[in-house]
Amino acid sequence: MKQMIKVKVSAKKAELETVKTDMLIVGVFEGQKTNKLCKQLDRKLNGAIKKIINLGDFTGKLFSKAVIYTDRKIASERIMLVGLGEKKNATLDILRKVCCFAAKEAVNMKVQSIAVAVHPDMDGKIGKDKCGKAIAEAIHFGAYRYDEFVSGEENGRSKSLTASIIDSDAAAVRKLSAGAKTGDVVGRWQNYARSIANKPANVMYPAQVASEARKIVRQIKGLSYTVFDENQLKQKKMGGILAVGQGSEHRPAMIILKYSPPAAANQKPTALVGKAITFDSGGISLKPAAGMGEMKMDKSGGAAVLGAMAAIAQLGLNVKVYGIICAAENAPSGKSYRPGDIITTYSKKTVEVQNTDAEGRLVLSDGIHYAKELGAETIVDLATLTGACMVALGVHKAGVLGNDEKLISKLKLASEQAGEPIWHLPSGEEYAEEIKSKIADLKNIGSRWGGACTAAAFIGQFAEGAKWAHLDIAPMMEAGGVYKKIAAAGSLGFGVRLLTEFLELKS
Ligand code: BES
Ligand code: ZN
Ligand code: ZN
């Protein structure tokens with residue numbers, strides 16, 4: 001199997017004119033005739049940048065580019081000017097997205113090394129460490145593409161990409177470097193999560209998810225893990241995950257990762273619980289054929305938990321965290337659970353199944369109850385849970401719901417810093433009313449309306465007693481909106497940056 005692109009990002013002290021790289025990347029604001037960096041370069045290039053801007057061939061419009069061949073007048077073979085858009089709109093988020101775009105373009109050009117010169121107006125406003133982190137994450141993000149099953153060595157892309165974030169000032173480099181080190185780790189594990197989510201269901205089924213977790217635990221110090229296979233799930237009477245998985249040849253599994261560094265031994269643990277439906281056909285309540293293949297990415301929540309656990313362990317954060325991944329395939333067969341079935345979940349609460357396609361909440365109910373048994377004080381679950389959340393929010397933000405305002409505020413702060421947007425949707429008794437059953441404790445669907453909220457209300461029943469938040473990441477399951485322009489198609493690995501940032505804020 002072909003290797004995914006290897007990306008390495010670091011900060012280094014270097015001058016624009018002498019940095020040895022395949023391509024120097026310089027940001028330009030829209031409507032600015034020049035800037036400090038361009039002026040400095042133009043002295044060596046006989047005004048080549050000024051010319052391209054004056055001719056109107058490059059305007060600095062957001063996500064535009066122009067490549068200049070330097071004829072070795074500077075050490076770099078090429079310069080890529082990238083448009084930062086209007087200066088008044090410049091934010092950390094724009095910087096991320098532009099770097100993502102630049103890395104994607106560089107990889108398409110088969111370039112092996114880039115040097116990114118940070119626009120002085122950018123890092124002054126945002127802070128150099130934050131800039132370093134965001135740029136490193138963004139370069140990983142933009143360089144990625146999922147082509148493991150496409151034959152051919154390189155398939156029109158660089159084999160690897162080495163990126164340097166450069167500055168001529170040593171103190172600035174130290175700050176950029178601190179951020180870049182973290183960003184390099186987080187970016188790598190986010191791409192890992194993307195690959196897990198992107199892998200097809202014939203390759204990445206629950207036992208394989210478990211084997212990935214095992215590989216990570218072997219690779220990174222400080223993590224340990226347990227897997228409950230189907231027999232153990234039966235012994236424990238985890239009726240939610242068992243019911244969802246019972247129709248498939250691929251047996252379900254609950255995978256538990258533990259990260260507990262000695263310094264955090266006395267902390268009350270946080271649990272991250274991920275939905276990992278390796279394929280969601282809908283089961284007996286079968287989904288329509290159109291677009292069903294995308295449901296291989298219904299394991300995105302679990303993939304993000306796996307990536308985040310790896311990242312926090314590699315960063316050595318001072319937090320005690322469990323990662324619980326509820327893995328099952330939702331398939332229709334003679335053995336499948338059916339509409340009308342009543343199942344007894346791990347918590348002993350019974351559920352009337354009214355739609356086998358509302359399976360995520362069933363696997364999560366067992367995962368969340370188990371998290372409480374492990375003593376988790378705070379629980380954050382991630383799931384591509386509802387199409388309704390996409391109807392509500394489009395493809396630009398994930399939904400956040402929960403029972404603790406402070407926790408939701410912390411997640412929102414982490415979300416802003418990480419550049420993974422979330423939007424608070426309502427919870428309340430009214431929604432919980434809708435998922436009461438006449439013949440069991442709960443039913444697994446509400447009315448036609450507010451599906452993201454009733455789904456969360458269902459999960460909330462199992463989280464009682466803990467501080468809990470639920471991230472409905474269905475809107476961000478795959479590249480839509482701006483990501484169609486600046487990133488590869490497929491999974492966004494949404495949640496890895498957000499969760500890591502959230503736990504960094506805690507540590
Ligand atoms: N995995 C889906 C939700 C989903 C849909 C995620 C589209 C990403 C993109 C989930 O299991 C599901 O099928 N939900 C149903 C719930 C309904 C039956 C109450 C839905 O959203 O239609
Ligand atoms: Zn479903
Ligand atoms: Zn699903």
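Everything numeric in this text was worked out from a predicted model, so none of it was measured. Each ligand, and each atom within it, is numbered from 1 in the order the structure gives.
Under 4.0 Å is where a charged nitrogen must lie from a carboxylate oxygen, and between Glu359 and Lys275 at least one such pair does.
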Run through all N or O atoms in ligand 1 and write down each protein N or O closer than 3.5 Å, as a pair with its distance.
unit_1, atom_1, unit_2, atom_2, d
ligand 1, 1 (N), Lys275, NZ, 3.3
ligand 1, 1 (N), Asp280, OD2, 3.2
ligand 1, 1 (N), Asp298, OD1, 2.9
ligand 1, 1 (N), Asp298, OD2, 3.0
ligand 1, 1 (N), Thr384, O, 3.3
ligand 1, 11 (O), Lys275, NZ, 3.2
ligand 1, 11 (O), Asp280, OD2, 2.8
ligand 1, 11 (O), Asp357, O, 3.0
ligand 1, 11 (O), Glu359, OE1, 2.9
ligand 1, 11 (O), Glu359, OE2, 2.9
ligand 1, 13 (O), Lys287, NZ, 2.7
ligand 1, 13 (O), Asp357, O, 3.0
ligand 1, 13 (O), Asp357, OD1, 2.7
ligand 1, 13 (O), Asp357, OD2, 3.0
ligand 1, 14 (N), Leu385, O, 3.4
ligand 1, 21 (O), Gly387, N, 2.7

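With a 4.5 Å cut-off on side-chain heavy atoms, Thr386 and Arg361 count as touching. The shortest distance between side-chain heavy atoms of Asp298 and Thr278 does not fall below 4.5 Å. By the 4.5 Å heavy-atom criterion applied to side chains, Lys287 and Asp280 are counted as neighbours.
Among all heavy-atom pairs drawn from Ala197 and Ala303, the shortest one is N-CB, 4.2 Å.
Asp298 lies apart from the Zn ion (ligand 2) in this respect, since none of its N, O or S atoms is found at a distance under 2.8 Å. Taking 2.8 Å as the criterion, Lys275 counts as a coordinating residue of the Zn ion (ligand 3), since one of its N, O or S atoms falls below it.
Angle OD2(Asp280) to the Zn ion (ligand 3) to OE2(Glu359): 90° [nearest 10 degrees].
Classified by interplanar angle (parallel below 30°, tilted 30° to 60°, perpendicular above 60°), the ring pair His250/Tyr205 is parallel. Between Trp189 and Tyr192, the ring planes are perpendicular. Angles over 60° get that label, and only those under 30° would be called parallel.
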